[in-house]
Amino acid sequence: GMNLVDAVSHAFATMATGGFSTRNASVGAYNSAYIDWVITAFMLLAGMNFALHYKFLRGDFKPFLRDTELRTYIAIFLVSTLIIALGLYRSGQYGSGANALRYAAFNASSILTTTGFATADYLLWPNASQAMLFALMFIGGCAGSTGGGLKVGRIVTLFKMGLSEMRYLLNPSGVFGVFLDGRYLKKNIVYDIAAMVFLFLVSVIASTLAVASGGYDIMTSLTSTLACLGNIGPGFGRVGPALNYSFFPDYIKAWL
């Protein structure tokens, strides 16, 4: 249902997780389940490590199956999609379960991969579904992908680091390390990741305060910051998927 110019434009915006559409209503303007599912699939592919795609195309399938970051990334997508779809189905907004799943999968994929496309105004969704999308704003795609955000690999590493430190506290005489895909991660690498995430969170707090100085509510201030730091695009509050950033004064636009 797309003409050639729209199809090429959306293909580039999907694989680059850029998110700009040739329509004001984004992908939702086409109201096509087929288009939604195709873009959902390729947003997910764009959020994966391209080194894995290269190996897969050369016939080496094992890394695709064994990569911890990829498995976590897919699990996050599936769980979040099911939670959002359940909320939409129970609210009856889209009639059938298939439609609820379609809208949930597209928007979960869009936020997780930091693409920023939209097919619906999720500010009208149930609170639990909105909360799930909000949580996805902190994650991002995989390392080596076109996605932004903190990256799934960093979050997995910090989670493993937390478990390792708790084991050490319970057994101070033990020797514990952080392993990813069977490889030991040196402590300086883990600490670099922890420092990066810490600086990210400090930046979020500082920027949220800067935006709030213009008199904006906490959700608008926080999610506009997350959307810009994570390269997501839409946020919540006054920067939702059906809105934009034009109302901000010049100094806040410059800051963001």
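None of these values were measured; they are calculated from a predicted model.
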Does NZ or CZ of Arg102 fall inside the cone over Tyr94's six-membered ring, less than 6.0 Å from its centre and within 45° of the axis?
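Not satisfied by the 6.0 Å and 45° rule.
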Which atom of [X] lies closest to which atom of [Y], heavy atoms considered:
X: Ala104; Y: Ala85; value: CB-N, 3.5 Å
X: Trp125; Y: Ala120; value: CZ2-CB, 4.0 Å
X: Thr225; Y: Thr208; value: OG1-N, 3.5 Å
X: Ser224; Y: Leu256; value: O-CD2, 4.1 Å
X: Gly87; Y: Pro126; value: O-CG, 3.4 Å
X: Thr113; Y: Met43; value: CG2-O, 3.3 Å

Consider only side-chain heavy atoms of I, L, V, M, F, W and Y, link residues closer than 4.5 Å, and tell whether [X] and [Y] are in one cluster.
X: Ile139; Y: Phe159; answer: no
X: Leu123; Y: Tyr245; answer: no
X: Leu180; Y: Ile74; answer: yes
X: Val38; Y: Met15; answer: yes
X: Tyr103; Y: Ile35; answer: yes

Which value, rounded to the nearest 0.5 Å, describes the distance between [X] atom [atom1] and [Y] atom [atom2]?
X: Asn107; Y: Thr81; atom1: CG; atom2: OG1; result: 9.5 Å
X: Leu209; Y: Leu222; atom1: CG; atom2: CG; result: 10.5 Å
X: Leu78; Y: Leu44; atom1: CG; atom2: CG; result: 8.5 Å
X: Arg71; Y: Ile76; atom1: CZ; atom2: CD1; result: 13.0 Å
X: Ser129; Y: Leu86; atom1: OG; atom2: CG; result: 8.0 Å
X: Leu45; Y: Leu52; atom1: CG; atom2: CG; result: 11.5 Å

Checking [Y] against [X]: is there a side-chain donor and acceptor pair closer than 3.5 Å?
X: Ser173; Y: Asn171; answer: yes
X: Trp255; Y: Ser207; answer: yes
X: Ser26; Y: Ser21; answer: no
X: Thr220; Y: Asp217; answer: yes

Heavy-atom side-chain contact between [X] and [Y] under 4.5 Å:
X: Asp192; Y: Ile189; result: no
X: Ile193; Y: Leu185; result: no
X: Ile232; Y: Pro234; result: yes
X: Val197; Y: Leu150; result: yes

Residue pair Tyr73, Ser145: steps toward the side-chain hydrogen bond (donor to acceptor under 3.5 Å, both in side chains) verdict
CA-CA 12 Å; Tyr73 169 77; Ser145 72; over 6 Å; no
Flag, side chain of [X] to backbone of [Y], donor-acceptor distance under 3.5 Å:
X: Asp60; Y: Lys55; value: no
X: Glu69; Y: Cys142; value: no
X: Thr17; Y: Thr146; value: yes
X: Ser164; Y: Lys160; value: no
X: Ser80; Y: Ala108; value: no
X: Thr114; Y: Gly147; value: no
X: Ser213; Y: Ala210; value: yes

If you count the non-hydrogen atoms of other residues, nucleotides and ligands that lie under 6.0 Å from [atom1] in [X], is the total more than 12?
X: Phe247; atom1: CZ; value: yes
X: Asn3; atom1: CG; value: yes
X: Tyr184; atom1: OH; value: yes
X: Phe179; atom1: CZ; value: yes
X: Asn127; atom1: CG; value: no
X: Phe200; atom1: CZ; value: yes
X: Lys186; atom1: NZ; value: no
X: Tyr168; atom1: OH; value: no

Please evaluate residues Tyr122 and Ile111 with respect to the criterion side-chain contact (heavy atoms from CB on, under 4.5 Å), reporting the C-alpha separation (whole Å), side-chain torsions for both, the decisive distance (0.1 Å), and the verdict.
CA-CA 11 Å; Tyr122 51 70; Ile111 298 296; 4.2 Å; yes
Establish, yes or no, whether a centroid distance under 6.0 Å links the rings of Phe56 and His53.
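No, too far apart.
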side-chain contact (heavy atoms from CB on, under 4.5 Å) for Met137 and Leu112? Distances and angles first, verdict last.
CA-CA 6 Å; Met137 294 182 76; Leu112 176 62; over 6 Å; no
Return the orientation label for the [X] and [Y] ring planes: parallel under 30°, perpendicular over 60°, tilted otherwise.
X: Phe248; Y: Tyr216; value: perpendicular
X: Phe236; Y: Phe134; value: perpendicular
X: His10; Y: Tyr30; value: perpendicular

Thr68 and side chain to side chain contact (heavy atoms under 4.5 Å, CB included): which partner among Val152, Thr157, Val156?
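One option only clears the test, and that one is Val156.
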Check the pair Asn49, Asp67 against side-chain contact (heavy atoms from CB on, under 4.5 Å), reporting the backbone distance first and the verdict last.
CA-CA 10 Å; Asn49 190 326; Asp67 188 79; 5.8 Å; no
